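Nothing here was measured: the structure is a model prediction, and the numbers come from that model. Numbers here are sequence positions counted from 1.
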Amino acid sequence: MELTKTEEDLMNHLWKMEKAFMKDLLEAYPDPKPAPSTVATLLKRMHDKHFVGYTLYGKSREYYPLVKKKDYFSKHVNGLIKSFFNDSATQFASFFTKSTNLTKAELEDLKALIDSEIKKKP
């Protein structure tokens, strides 16, 4: 299951904070801030999707992520590769390096990352 763009925005705040009450999440938004009822609805949907959990303190809920950011985006990227690049990481890498305006330094950094991962493989 995936998050909508607005849910993803809220989830990014929660990932950054690790735990937060709704008032903390509202404060994290730039102006104009969403209505509290909007954030409450998003949190309920995200809880129903098992992305967010909460601890009850009286009538207040402290929310926390149930899914790690790295895991969510890894699954998201793998889904993109599968759907749009015939499940080929090589096609994705080719598209990414040719279709973005990466500087030579950024390409060198990517090459170093890849070389490092190659060395780790048996």
Side-chain angles (χ1 to χ4, degrees):
M1 201 172 292
E2 288 187 23
L3 297 170
T4 65
K5 175 69 175 124
T6 52
E7 290 168 344
E8 211 171 270
D9 290 342
L10 179 56
M11 197 69 189
N12 274 313
H13 292 303
L14 193 53
W15 278 318
K16 206 175 288 182
M17 294 180 196
E18 296 178 9
K19 289 182 181 178
F21 291 95
M22 193 167 82
K23 67 176 182 59
D24 302 320
L25 291 166
L26 278 166
E27 288 173 12
Y29 279 93
D31 288 327
K33 296 184 185 306
S37 60
T38 300
V39 174
T41 299
L42 291 172
L43 287 166
K44 165 106 175 69
R45 287 195 329 221
M46 292 160 62
H47 180 261
D48 291 346
K49 292 179 179 182
H50 305 287
F51 279 96
V52 170
Y54 62 83
T55 304
L56 207 51
Y57 296 99
K59 292 184 179 183
S60 298
R61 293 176 181 181
E62 184 179 41
Y63 293 92
Y64 53 89
L66 294 174
V67 176
K68 292 180 180 161
K69 186 175 185 175
K70 180 182 175 188
D71 294 341
Y72 177 73
F73 284 102
S74 176
K75 187 175 180 183
H76 208 62
V77 168
N78 286 327
L80 281 171
I81 291 169
K82 187 172 187 163
S83 297
F84 295 102
F85 299 98
N86 301 316
D87 209 10
S88 168
T90 304
Q91 284 183 19
F92 170 74
S94 175
F95 172 82
F96 177 74
T97 55
K98 291 176 182 176
S99 299
T100 56
N101 291 326
L102 297 173
T103 65
K104 184 174 182 177
E106 289 170 324
L107 287 168
E108 294 282 347
D109 289 345
L110 279 174
K111 184 179 182 301
L113 283 168
I114 291 168
D115 288 343
S116 172
E117 289 301 312
I118 289 170
K119 287 178 185 174
K120 293 178 187 175
K121 300 290 179 184

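- When all heavy atoms are compared, the tightest approach of Leu102 to Phe96 is CD1-CE2, 3.9 Å.
- Taking the charged nitrogens against the carboxylate oxygens, Lys111 and Glu108 have no contact shorter than 4.0 Å, which rules out a salt bridge.
- Under a 4.0 Å N-O distance rule, the pair Lys75/Asp71 does not qualify as a salt bridge.
- Rounding to the nearest 0.5 angstrom, the gap separating the OH atom in Tyr64 from the OG1 atom in Thr55 is 4.5 Å.
- Of all the heavy atoms in Ala89 and Ile81, the pair that sits closest is N-CG2, 3.9 Å.
- Judged purely by atom type and a 3.5 angstrom limit, Trp15 uses its side chain to pair as donor or acceptor with the backbone of Val67.
- For Tyr29 against Asp9, the heavy-atom pair with the smallest separation is OH-C, 4.3 Å.
- Linking ILVMFWY residues whenever their side-chain heavy atoms come closer than 4.5 Å, directly or via other members, leaves Leu26 and Phe21 in distinct clusters.
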(request) Could you walk me through whether Lys5 and Glu8 pass salt bridge (Lys or Arg N to Asp or Glu O under 4.0 Å), step by step? (result) CA-CA 5 Å; Lys5 175 69 175 124; Glu8 211 171 270; 5.2 Å; no
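- Here the CG-OH distance, from Leu43 to Tyr63, works out to 5.0 Å after rounding to the nearest 0.5 Å.
- In this structure, OG1 in Thr4 is found 8.0 Å from CE in Met46, a value given to the nearest 0.5 Å.
- Both Leu3 and Phe73 are assigned to one and the same hydrophobic cluster, defined by single-linkage of ILVMFWY side chains at heavy-atom distances under 4.5 Å.
- A side-chain hydrogen bond (donor to acceptor under 3.5 Å, both in side chains) with Glu117 holds for exactly one of Lys121, Lys120, Lys119; it is Lys120.
- The local environment of CZ in Phe95 is sparse, with at most 12 non-hydrogen atoms from other residues, nucleotides or ligands closer than 6.0 Å.
- Residue Lys33 places its NZ atom among more than 12 non-hydrogen atoms of other residues, nucleotides or ligands, all under 6.0 Å distant.
- Under a hydrophobic clustering in which Ile, Leu, Val, Met, Phe, Trp and Tyr are joined whenever their side-chain heavy atoms come within less than 4.5 Å, directly or via other members, Leu66 and Tyr54 fall into different clusters.
- Environment of CG in Asp31: crowded, with over 12 heavy atoms of neighbouring residues, nucleotides or ligands closer than 6.0 Å.
- Note that the CG atom of Leu56 and the CD atom of Glu62 stand 11.0 Å from one another [nearest 0.5 Å].
- Here the closest non-hydrogen pair linking Met11 and Pro65 is CE-CB, 3.5 Å.
- Once rounded to the nearest 0.5 Å, the distance linking NZ of Lys44 with NE2 of His47 reads 8.0 Å.
- A 4.5 Å side-chain heavy-atom check between Arg45 and Thr6 finds at least one atom pair inside the cut-off.
- Between Glu2 and Tyr72 there is a side-chain heavy-atom pair separated by less than 4.5 Å.
- Taking both residues in full, the closest heavy atoms of Val39 and Pro34 are given as CG2-CG, 3.7 Å, listed atom of the first, atom of the second, then distance.
- Closest non-hydrogen pair, Ala28 versus Met17, comes out as CB-CE, 3.2 Å.
- Taken from CG in Leu25 to CG in Leu42, the straight-line distance is 10.5 Å, to the nearest 0.5 Å.
- With Thr97 contributing its side chain and Ser94 its backbone, the two residues share a donor-acceptor pair below 3.5 Å.
- A continuous path of Ile, Leu, Val, Met, Phe, Trp and Tyr side chains, each step under 4.5 Å between heavy atoms, connects Val77 with Phe84, placing both in one hydrophobic cluster.
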